[in-house]
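All remarks here apply to the structure that follows.
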Amino acid sequence: MAMGRGELSPQDFKATKNNWIQYTKKNNIRLPQGSYTDFEWKDYCPAVFRNILELEKIDYADYMLSICGDETLREVSSPGRIGNVIFLSNDDRFVIKTLRKSEVKVLREMLPKYYRHLKKHGFSLLTTLYGLHVVRPIGGIKVYFAVMSNVLQSDLHLHRRYDLKGSSRGRNFNKVIVHEEIVYKDIDLDFYFYLEPSLRNKILTQLKYDCEFLEAEGIMDYSLLLGVHIDASSRQGFHSGLLDRRNSVSGTRTGPVHDNADLTVADILKHNGRFGAKLPASAVRTPRNEMGIVSSPSRVRVPECYNVLLYFGIIDIFQNYNVIKRLEHAYKSIQYDSKSISAVNPKVYSSRFQDFLAKVFLARESNKNWNFEF
């Protein structure tokens, strides 16, 4: 990434700015003309986040219009909400997530190194943080929230969404719904994704850099949020023509291919604007056994195969390995295999996360035939 508004000072990472926001009350309530609702508004580290917006070529005025709509502020500051709440801005560009005060502290402490990480790694898969704010309506309570990139923003329909941590205990979806869409978890993932080898290598290398950063900051419990768009021509599965028939013989098919599989990383960035969006892949859907283990593609008699485009990024990067998480680890380790639970120390979490994704994203071997029995 190129530099934004100029060099930042240590003080910029500690600064805050207070303001007031007013707007006319709506929400189907008839009020006298001139009635307003006032919000006390605080920006944390405004110069830092203005720099990040400029690095991403996002106009600050557009950003404020997206997140400061009266409906958005009313939703964010609504009383009675428990835990973290996630919203989308009206234009779908930004994810707005309410935070606990402890998470705000974690974010602010890691912000200087996070900023340097983004500048050093233009291909970073970490969700981009655009702002950290606190809002309080008159007579209400303070609500802390962060504004981040929507890693699943797409003009295409996403047929599947997954939240992947690399752990198995409690990681089935149980009808988890976010933005009116079901989000599946690790146990529900029944696909392997085949990518052009150099693209896969770039993804895994960048995951390594990003996980090393999170590990060094003591962060764990993050996820890879993955969206899958299935190409219309391949939605009928195996008989759609996804598998290359050029070298096929009776009872034999070669590995799955994708028309755009040979795009370079530079091509992808040029067309998509960021790494982790619209990445071409071939997906092989494979059944799970009774233990929830996905079968190897080579062992599947008649696989379902699809041309897909992948959207993904690393989210939920505000949880450190604090006392509560250490106690959770100790308690659950007594009941379950410690390798299967989410609450593990950052080093173990990072290693397990990378190992898991290396088995989900596989290299397409164009010269290798797969023998499938019919």
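If you're wondering where the values come from, they're calculated on a predicted model, not measured in any experiment.
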[X] vs [Y] side-chain heavy atoms within contact, under 4.5 Å:
X      : Y      : value
Phe275 : Ile203 : yes
Leu152 : Asp92  : no
Asp231 : Tyr306 : no
Leu362 : Leu195 : no
Leu132 : Tyr144 : no
Leu309 : Pro280 : yes
Leu125 : Tyr209 : no
Lys208 : Leu204 : no

Atom pair [atom1] ([X]) and [atom2] ([Y]), whose distance is rounded to the nearest 0.5 Å:
X      : Y      : atom1 : atom2 : value
Leu214 : Lys113 : CG    : NZ    : 12.5 Å
Trp20  : Ile138 : CH2   : CD1   : 3.5 Å
Asp210 : Ile219 : CG    : CD1   : 13.0 Å
Lys165 : Asp186 : NZ    : CG    : 8.5 Å
Leu156 : Ile230 : CG    : CD1   : 12.0 Å
Leu357 : Gln354 : CG    : CD    : 8.5 Å

Test side chain to side chain contact (heavy atoms under 4.5 Å, CB included) applied to Ile58 and Arg93, step by step: CA-CA 10 Å; Ile58 297 173; Arg93 295 178 71 186; 3.5 Å; yes
Geometric class of the His229/His159 ring pair [parallel <30°, tilted 30-60°, perpendicular >60°]: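 Because their plane-to-plane angle lies in the 30° to 60° range, the rings of His159 and His229 count as tilted.
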Plane angle bin for His133 and Phe145 - parallel if under 30°, tilted between 30 and 60°, otherwise perpendicular: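 Tilted: the ring planes of Phe145 and His133 meet at 30° to 60°.
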Aromatic ring proximity Phe312/Phe361, centre distance under 6.0 Å: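 Between Phe312 and Phe361, the centre distance is under 6.0 Å.
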Within the 6.0 Å centroid threshold, strictly below: Tyr222 and Phe353: yes
Ile86 reachable from Phe318 in the ILVMFWY side-chain graph, under 4.5 Å edges: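 Looking at the clustering, Ile86 is in the same group as Phe318.
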Heavy-atom closest contact (Arg364 atom, Pro197 atom, distance):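 Minimum heavy-atom contact is O-CG, 3.5 Å.
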Quiz item: cation-pi between Arg50 and Tyr60, 6.0 Å / 45°: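 Yes, Arg50 and Tyr60 form such a contact.
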Distance under 6.0 Å and angle within 45° of ring axis: Arg116 vs Tyr114: no
Short N-O contact, Asp163 and Lys185, less than 4.0 angstrom: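 Looking at Asp163 and Lys185, the cut-off is not met.
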